Amino acid sequence: MTETPENTAVVIVGAGVAGLTLGNFLLRNGIDCVVLERRSRAYVEKRQRAGTVDARGVRMFREWGLAAVVEPDSFVDFTGGFWIDGVCHPMDFGQGEEMESIFCPQQVLVRNLTDVFLQGGGDLRFEAADVTLEDLRSARPTVRYRDTDGSEKAVSCDFVAGCDGYRGVSRASIPAGALTRYSHEYRYSWLSVLAEVPAKPSGMAIHSRGLAGMMPRGAHASRIYLQCPADEPLEQWPDERVWSELEARFGTTVPSGPIVDKQLVPFRCVVHDPMSHGRLYLLGDAAHIVPPMSAKGVHLALYDTEVFARAVIQWFRTGDSSLLDSYSETCLRHVWNYQAFAAWITELMHNAGDSSYEGEFRKQAARAELQRQFTSPAAGRLFFELSEGVI
């Protein structure tokens with residue numbers, strides 16, 4: 001096969017939320033980029049993961065002229081609560097302009113970002129196989145891949161943005177020992193279920209049997225979460241058990257329906273430091289992971305994306321590399337702030353229910369702290385600001 005050489009400013013590896021947002025930011029500022037995605041477009045636009053864009057993310061899209069990708073009327077309104085031992089406590093999401101977070105299924109956001117990018121003339125290449133990153137410490141790294149017709153391609157660039165997730169090739173291309181990995185593993189997981197039923201009830205349930213959640217993923221689809229031991233086999237969760245356990249933990253009737261996806265989601269906190277190596281910059285899950293209880297994976301990915309985009313734009317416009325030089329330090333300050341929030345909310349919500357993991361003392365302490373969220377304006381305000389991603 002004959003290699004076809006190309007040149008661009010930035011190669012973006014991964015067409016998820018971070019990669020497509022970055023592509024749109026660069027495209028709108030006249031900076032050439034190529035987005036490589038190993039999956040097909042149909043697969044990417046059906047991939048079900050996160051469901052929330054918080055207030056910071058909504059405002060960021062508006063400021064960059066991309067408000068259309070998070071139009072509120074495109075998504076399902078969410079009203080829910082906390083069920084504690086079967087008793088519902090309505091959620092207070094704040095008031096007025098402060099409350100701007102949107103329950104937005106990830107596949108909808110990705111589809112909208114893809115449409116805007118392609119309509120603007122963006123270069124997005126699906127089914128790019130066998131991606132390899134070379135010469136990352138040189139002035140012009142090279143990204144190689146195999147195209148859909150089997151031909152080998154090589155793209156030379158100024159920078160590589162690794163937006164391909166925790167198991168992607170980007171971080172794996174960094175030599176061993178160049179990054180420090182900080183991590184914490186939990187002794188429980190979530191059974192994550194996608195079902196073709198409306199989210200009624202919607203919210204989170206705390207119960208001695210474990211945590212449960214039911215969140216909208218469209219008008220007639222829900223994402224269901226059930227806390228379970230980290231080593232529990234998926235085979236122990238037939239559909240009938242999913243519905244009976246959900247009803248037991250919420251303490252109310254739950255409409256059952258077709259289950260289209262079922263998987264176990266491990267709970268871990270991971271941070272890699274630094275978030276760059278030579279001309280390769282890691283964004284989102286490629287650099288860090290937060291437990292899904294915090295709903296801050298998209299928040300951190302978008303934060304990284306905006307910091308990197310501003311740094312690249314400054315470099316191309318002025319030659320000033322100061323924002324690129326400080327990229328990792330800037331992002332990691334923010335990452336650790338939200339790792340602290342993620343660890344706190346994860347332990348609080350899980351310890352308050354099933355005492356078999358951390359004991360009865362931690363359960364009672366967690367319940368006292370949880371009650372404070374409903375009774376203390378100061379505690380509620382801090383939770384609200386972190387949930388909205390504004391601090």
Side-chain angles (χ1 to χ4, degrees), residues 48-55 57-58 70-95 98-109 190-207 209-228 237 239 241-263 265 291-299 342 345-346 348-350 352-354 370 373-374 380 383-384 386-389:
Q48 293 265 357
R49 289 184 182 171
T52 303
V53 179
D54 62 23
V58 172
V70 286
E71 285 295 334
D73 60 359
S74 300
F75 315 119
V76 177
D77 290 334
F78 175 77
T79 56
F82 284 113
W83 273 258
I84 303 177
D85 295 332
V87 178
C88 180
H89 301 262
M91 292 180 180
D92 180 5
F93 287 108
Q95 300 177 350
E98 291 180 311
M99 178 55 200
E100 293 189 283
S101 63
I102 293 174
F103 277 78
C104 170
Q106 177 170 317
Q107 73 274 17
V108 175
L109 179 58
W190 272 0
L191 176 73
S192 177
V193 174
L194 181 65
E196 294 179 346
V197 295
K200 295 179 180 179
S202 54
M204 305 299 294
I206 293 172
H207 193 274
R209 301 172 72 101
L211 189 76
M214 194 168 189
M215 298 294 178
R217 289 297 183 267
H220 303 288
S222 301
R223 178 63 74 176
I224 295 165
Y225 304 109
L226 292 165
Q227 180 186 4
C228 59
W237 286 95
D239 293 2
R241 185 186 177 194
V242 170
W243 297 117
S244 63
E245 198 66 26
L246 192 64
E247 285 199 346
R249 298 184 190 191
F250 271 94
T252 188
T253 301
V254 176
S256 61
I259 289 177
V260 298
D261 181 66
K262 194 187 301 179
Q263 56 185 301
V265 179
M293 180 70 245
S294 65
K296 286 299 157 204
V298 168
H299 167 93
I345 192 62
T346 297
L348 174 67
M349 295 290 287
H350 291 81
D354 186 350
L370 186 61
Q373 303 304 311
F374 296 106
F383 176 78
F384 170 76
L386 287 163
S387 297
E388 289 295 289

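Here the structure is a predicted model, which means the values were calculated and not measured. As a basis for the values below, the full set of heavy atoms in this structure was taken, side chains included, without hydrogen atoms, waters or symmetry mates.
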NE2/His350 to CD1/Ile206 distance, rounded to the nearest 0.5 angstrom? 9.5 Å

Can you find a heavy atom in the side chain of Lys296 that is under 4.5 Å from one in the side chain of Leu386? no

Pairing residues for Ser387 by the side-chain hydrogen bond (donor to acceptor under 3.5 Å, both in side chains) criterion, not counting sequence neighbours: none

Under the salt bridge (Lys or Arg N to Asp or Glu O under 4.0 Å) test, which residues partner Lys200, sequence neighbours left out? none

List for me each residue that meets ring-ring contact (aromatic ring centres under 6.0 Å, His included) alongside Phe383, sequence neighbours excluded, and say none if there are none. none

For Trp243, the side-chain hydrogen bond (donor to acceptor under 3.5 Å, both in side chains) test, sequence neighbours excluded, returns none

Calculate, to the nearest 0.5 Å, the distance between atoms CG and CE belonging to Leu370 and Met349 respectively. 6.5 Å

Which heavy atom of Arg223 sits nearest to which heavy atom of Leu194, and what is that distance? NH1-N, 3.5 Å

Tell me the closest heavy-atom pair linking Ser202 and Ala199, and the distance in Å. CB-O, 3.4 Å

Contact summary for Cys104 and Val53, nearest pair of heavy atoms: CB-CG2, 4.2 Å

Euclidean distance, Ser244 OG relative to Asp239 CG, rounded to 0.5 Å: 10.5 Å

What closest approach, in Å, do Ala342 and Pro291 show between heavy atoms, and which atom pair accounts for it? CB-CD, 3.8 Å

Could you list the donor-acceptor pairs under 3.5 angstrom formed by side chains in residues 250-260, with sequence neighbours left out?
none

Taking side chain as C-beta onward, heavy atoms only, is Met293 less than 4.5 Å from Tyr225? no

From Cys228 SG over to Glu245 CD, what is the distance, rounded to the nearest 0.5 angstrom? 10.0 Å

With a 4.5 Å cut-off on side-chain heavy atoms, are His299 and Thr52 touching? no

Does any part of the side chain of Val193, heavy atoms only, come nearer than 4.5 Å to the side chain of Trp237, both counted from C-beta? no

So, does Gln227 use its side chain to make a donor-acceptor pair with the main chain of Gly210 at under 3.5 Å? no

Among residues at least two apart in sequence or on other chains, which ones pass salt bridge (Lys or Arg N to Asp or Glu O under 4.0 Å) with Asp354? none

Distance only, no hydrogens: is a donor on one side chain within 3.5 Å (strictly under) of an acceptor on the other, for Ser192 and Gln263? no

Find the distance between NZ (Lys262) and CG (Leu226) and round it off to the nearest 0.5 Å. 10.5 Å

Ignoring hydrogens and angles, tell me if any N or O in the side chain of Ser101 forms a donor-acceptor pair with the backbone of Glu388 under 3.5 Å. no

